[in-house]
Q: 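Can you keep this structure in mind? I'll have questions shortly.
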Protein chains: 4
Amino acid sequence: MLEGPPLRADAQRNRARILDAAEAVFAEAGTRASTEEVARRAGVAIGTVFRHFPTKDDLLAAIMKRLLAQLVEEAGRLDLFAFFTHVVAQAAAKKAVVDLLAGSGVDIRLPDAVGRLEEAVGRLLEAAQAAGDVAAPVRLPEVMALFLSVCQGALHAGWDNQLQARTLAVIFAGLRCD
Amino acid sequence: MLEGPPLRADAQRNRARILDAAEAVFAEAGTRASTEEVARRAGVAIGTVFRHFPTKDDLLAAIMKRLLAQLVEEAGRLDLFAFFTHVVAQAAAKKAVVDLLAGSGVDIRLPDAVGRLEEAVGRLLEAAQAAGDVAAPVRLPEVMALFLSVCQGALHAGWDNQLQARTLAVIFAGLRCD
Amino acid sequence: MLEGPPLRADAQRNRARILDAAEAVFAEAGTRASTEEVARRAGVAIGTVFRHFPTKDDLLAAIMKRLLAQLVEEAGRLDLFAFFTHVVAQAAAKKAVVDLLAGSGVDIRLPDAVGRLEEAVGRLLEAAQAAGDVAAPVRLPEVMALFLSVCQGALHAGWDNQLQARTLAVIFAGLRCD
Amino acid sequence: MLEGPPLRADAQRNRARILDAAEAVFAEAGTRASTEEVARRAGVAIGTVFRHFPTKDDLLAAIMKRLLAQLVEEAGRLDLFAFFTHVVAQAAAKKAVVDLLAGSGVDIRLPDAVGRLEEAVGRLLEAAQAAGDVAAPVRLPEVMALFLSVCQGALHAGWDNQLQARTLAVIFAGLRCD
DNA sequence: TATGAATGAGTTTTCATTCAT
DNA sequence: CATGAATGAAAACTCATTCAT
C-alpha cells in the first residue's frame, strides 16, 4: 500500500491518459493488443507507459481497479435492478475489464477492489429483499455470478437494447420468484 | 462447401489428436498458448499442425466448430433445463471455446455452426413452452443470450456445484415466471 | 552419364509434365516458388517430383539442360541475328532458366550444355563474319555476354516488340561497325 | 511523402549499418540470405532490423532505393559512356540490387526512384547526341534497356575487365553508328 | 511407382521490457 | 521524467525432404 510521493501534475495527466487509452484499446482488440498501441493511442512514448506501469499486467490491473471503483460508486447511487441494467448497457465499453474480471489468461489479483464491489452489491441485495423485490432465498454469490455472466454476455454478439432488456427481464423475474 | 478428398486414415487420426490437444491446451492456458505446445501435446511435429490448420486462427475455428456440433448433438438428447445444466457444468473444460464463442480478440466466423446450435436450442425452447415449463413470452434470442452469459460466467474458477445450481435456479425461475 | 534403365511410359510422361510445370512456375514466381506448387501444377504428388528429381536443384538443372538443348537446336536453324531476335522474343517465358544461366544463388553446373551452346553460337558468328555482317575483331565471349545480357534484360520490365527491336538494333549495329 | 520525424542520431547510424550489411549479404548470397544474417553482420539485434524495415521486402526496397539514388548521383558526374562503364564495373558488388531491379520474385515497386534514374540517363543521352557521340535515332528506352541488360550480364562471375571492355565496345559502337 | 502426410530445421515477425539519449 | 531505439526470447509460419501407405 505504499503510494510513494504524489505525482507531478503532468505525470498524473499522463497516467490518466494511458489508462483511458488502454481501456479503449483493450476493449477494441482484447488484451492481446500491444502496449505500443496503447502508447500510441495515449499520445505518449512506450517508455512512459512502462514508467507508470512496470509490466503490462500492472496496466491491466490498474484498469480493473479503476472500473471496479466506478462500479462501487454507481452501486451506491442505484437500486439493484437499475445497477444491473446500467452496467450491462455499458459493458461493451469495458470489454477488457470484464474479461479480466472473468480471468482471461492474464493473472491479476485485486481482492480488495472486488471485495468492495461485492459488499456494495450485497447492500443493494439486502435493500431489494427488504422491499420485497427479490425473493428471500436468493444469496449474494449467485447474484454476483449472474451479474458477471450477464456482463460477459453483453460484451459479445452485439446485444442491442431490446435484447438487453429481454435478457435482464428473465433474470429479474428469476430473482423475484425464486 | 467443397471438402476435398477424404483424408487418409493416419491424417484423420492426427487431425483429431491435434484438435484434442488444442482444446486441452487452450482450455488450460487460454488462446495465448503456443501452437508448438499444441503440437507437443498432440505428439506431432509443428509442421503437421500447420498442414492441417494453415493458421492458428484456423485451428481455433476448427475447435469451435467441433464443440458447437457437440452441443447441437447434446441439445438433441436433453431438455432445455438439463441442457443448460450440463453445458454449464463442463464449461470450464471448454474455456477457449467459450471465449471464442464470445469473441476474444481472435476473429473467427462460423455462422453456420452457430446457427445450427440456435436451431437446436429453439426446438428445446418450444418443447419446454409446450410443456408449460417456460413462460410463453420468452423468445429464443434471450435464451441464447442467457445461455452464453452463463457459460462465460461458469468459466470462473469460483463456480462450484452449489453456485452453479443456485445461479441456474434463478434463471430457471425467471424462464418459468417471466 | 549413367542413365539407368529406360523409364516406363507413364514415368516418362510424368517427368515431362513436371519439367513443363516447373518451367512455368519458376518463370512466373522465380526460383523461390515451392516445389509443392510445381507438383500441383503438374498434377502430380510431391513425392513424384522428388522421385524424378532428388533435390530442387536437380529439377532446376534439368530445366536448364532442356532449354539449352533447345537453344542449340534453334541456333542450328537460324543465323546469328535471327537467333538473337528469336531468343530475346521468348526470354520471358524462360525466366527461371535465364536467371539460372546468370547464376541466381542456386548453384548448378552444366558445363557440357553451356559449352555446346557456346559452340553453336560460335559457328553462327563465324558464318556472320564470313558474310561480312559482323566486324572482324568481334570475338565469341562478348557475343555470348551480349546474348545473355539481352536475354536477362528482356525478361524484365515488359519489353514490348518495339523495344526489343530497337534494343537489338543497337547491338546489331555495334556488331557490324565495331 | 510524409517522412515522419527525423531519426535520432543512433537510429540513423543503425539504419545505415543495416543497409550496408544487407547490401553486402544479399550481394554475396542472393536475396535468399536470412534477415538474421543481415542483423548479425550489422552488429545489431534482429528486432532492430524489423523496427527499421518491418518486412524483408521493405529492407530490399530500401537497398534498391539507395542504390538508385547513388546511380542518379553518378550519372550527374559522368558522360554516358563513362557512366555505363563505371556501373558495369561495379555491378557484381550490387548483385542483389540488380536482381531486384530486374525483379527476382520479390515484389517491389519504386517508380519514383526508377523514374529519376531514367531522367538522369536521358540527360546524358541528350548530351551525347548533341556532341555527336550517339546517333540521332537512338531513344531513351533502348538505352535504358541496354543499361539494365548489361548490368545483369556483368553480374556473372566470368566478366573480367577485358570482357567488360569488349562487350561495352560493341554497344558503344552500336550507339554511335545505329 | 505414385501418393500425400509427417518431419523439423530455418525464417520471418511480434512484443514486452530495458536503457541510452 | 519523457523519449523512442534496441534487445532478444518466443511465436507464427514455410518448405525441402523423407517415408509410411
Side-chain angles (χ1 to χ4, degrees), chain A residues 7-11 14-15 32-40 43-59, chain B residues 4-5 7-15 18 32-39 42-59, chain C residues 7-8 10-11 14 32-40 43-59, chain D residues 4-5 7-15 18 32-39 42-59:
Chain A
L7 292 173
R8 266 168 36 180
D10 57 341
N14 272 343
R15 211 190 119 91
R32 266 146 102 105
S34 76
T35 313
E36 288 259 4
E37 178 58 29
V38 171
R40 193 157 30 247
V44 142
I46 182 71
T48 304
V49 174
F50 276 88
R51 163 168 292 273
H52 284 281
F53 308 97
T55 67
K56 192 182 185 181
D57 282 6
D58 290 333
L59 176 55
Chain B
L7 290 174
R8 249 164 50 177
D10 54 345
Q12 196 137 19
R13 197 162 45 248
N14 273 338
R15 208 191 121 93
I18 291 167
R32 267 146 100 114
S34 78
T35 311
E36 289 259 352
E37 178 58 29
V38 172
V44 146
I46 181 68
T48 303
V49 175
F50 280 91
R51 160 172 278 268
H52 285 281
F53 309 98
T55 288
K56 192 182 184 180
D57 281 7
D58 290 334
L59 176 55
Chain C
L7 292 173
R8 268 166 35 179
D10 57 342
N14 272 343
R32 267 147 101 104
S34 77
T35 312
E36 289 260 2
E37 178 58 28
V38 172
R40 192 157 31 245
V44 142
I46 182 70
T48 304
V49 175
F50 277 88
R51 163 167 292 272
H52 284 281
F53 308 97
T55 67
K56 191 182 185 181
D57 281 6
D58 290 333
L59 175 56
Chain D
L7 289 175
R8 248 163 51 177
D10 55 344
Q12 196 136 19
R13 198 162 45 248
N14 272 338
R15 207 191 122 93
I18 291 167
R32 270 147 100 110
S34 78
T35 311
E36 291 258 5
E37 178 58 29
V38 171
V44 144
I46 180 68
T48 302
V49 175
F50 279 91
R51 159 172 278 268
H52 285 280
F53 309 99
T55 288
K56 191 181 185 181
D57 281 7
D58 290 334
L59 176 56

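Letters A, B, ... are given to chains in the order of the sequence lines, protein chains preceding strands, and every chain is numbered from 1. This one's a predicted model, so the numbers in the text were calculated from it and none came from an experiment.
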Q: I want to verify a distance call: between E:dA2, E:dA6, E:dT7, whose nearest atom is closest to the C:Asn14 side chain?
A: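 That would be E:dA2.
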
Q: On DNA chain E, does the nearest nucleotide to D:Arg13 precede the nearest nucleotide to B:Val49 from the 5' side, or the other way round? Give the residue.
A: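 By nearest-heavy-atom nucleotide position, the 5'-most residue is B:Val49.
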
Q: Distance check: side-chain N/O of B:Arg8 vs OP1/OP2 of E:dA5, anything under 4.0 Å?
A: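 Looking at the OP1 and OP2 atoms of E:dA5, neither is under 4.0 Å from any side-chain N or O of B:Arg8.
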
Q: Dot-bracket, 5' to 3', for DNA chain F please: Watson-Crick or G-U pairs under 3.5 Å, [ ] where pairs cross earlier ones, | where the partner sits on another strand, dots elsewhere.
A: .||||||||||||||||||||

Q: What is the distance from CZ of B:Arg51 to P of E:dT3, rounded to the nearest Å?
A: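 Checked: the CZ to P distance equals 14 Å.
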
Q: Rounded to whole angstrom units, what separation is found between the CD atom of D:Gln12 and the P atom of F:dT3?
A: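 After rounding, the gap between these two atoms is 21 Å.
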
Q: Using whole Å, what does the distance between atom P of nucleotide F:dA2 and atom CZ of A:Arg15 come to?
A: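 So the CZ-P distance, A:Arg15 to F:dA2, works out to 12 Å.
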
Q: Can you measure B:His52 atom NE2 to E:dG4 atom P for me and round it to whole angstrom units?
A: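 Interatomic distance, NE2 of B:His52 to P of E:dG4: 14 Å.
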
Q: Taking 4.0 Å as the cut-off, does a side-chain nitrogen or oxygen of A:Thr48 come that near to OP1 or OP2 on F:dT3?
A: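 Checking A:Thr48 against F:dT3: at least one side-chain N or O falls below 4.0 Å of OP1 or OP2.
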
Q: When the nearest nucleotide of DNA chain F is assigned to A:Ala45 and to D:Asp10 on a heavy-atom basis, which residue is associated with the more 5' position?
A: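 In this pair, the answer is A:Ala45.
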
Q: Look up atom CG in B:Asn14 and atom NE2 in B:His52, then write down how far apart they are to the nearest 0.5 Å.
A: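 The NE2 atom of B:His52 is 5.5 Å from CG of B:Asn14, to the nearest 0.5 Å.
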
Q: Could you tell me if the side chain of C:Glu37 sits less than 4.5 Å from the side chain of C:Arg40, heavy atoms only?
A: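 Of all side-chain heavy-atom pairs linking C:Glu37 with C:Arg40, at least one is under 4.5 Å.
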
Q: List the protein contact pattern of nucleotides 13-19 of chain F with one symbol per nucleotide (5' to 3'): B for base contact, S for sugar-phosphate-only contact, - for none; contact means a heavy-atom distance under 4.0 Å.
A: BB-SBB-

Q: Roughly how far apart are D:Leu59 CG and D:Arg15 CZ, rounded to 0.5 Å?
A: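 One finds 9.0 Å between CG of D:Leu59 and CZ of D:Arg15.
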
Q: Using the test side chain to side chain donor-acceptor pair (under 3.5 Å), find all partners of A:Thr55 that sit at least two apart in sequence or belong to another chain.
A: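 With sequence neighbours excluded, A:Thr55 shows a side chain to side chain donor-acceptor pair (under 3.5 Å) to A:Asp58, given in chain and number order.
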
Q: Rounded at 0.5 Å granularity, tell me how far NZ in B:Lys56 sits from CZ in B:Arg32.
A: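 Rounded to the nearest 0.5 Å, the NZ-CZ separation comes out at 9.5 Å.
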
Q: Any idea which heavy atoms bring B:Val49 and B:Ile18 closest together, and the distance?
A: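 Nearest pair, atom of B:Val49 first, then B:Ile18: CA-CD1, 3.9 Å.
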
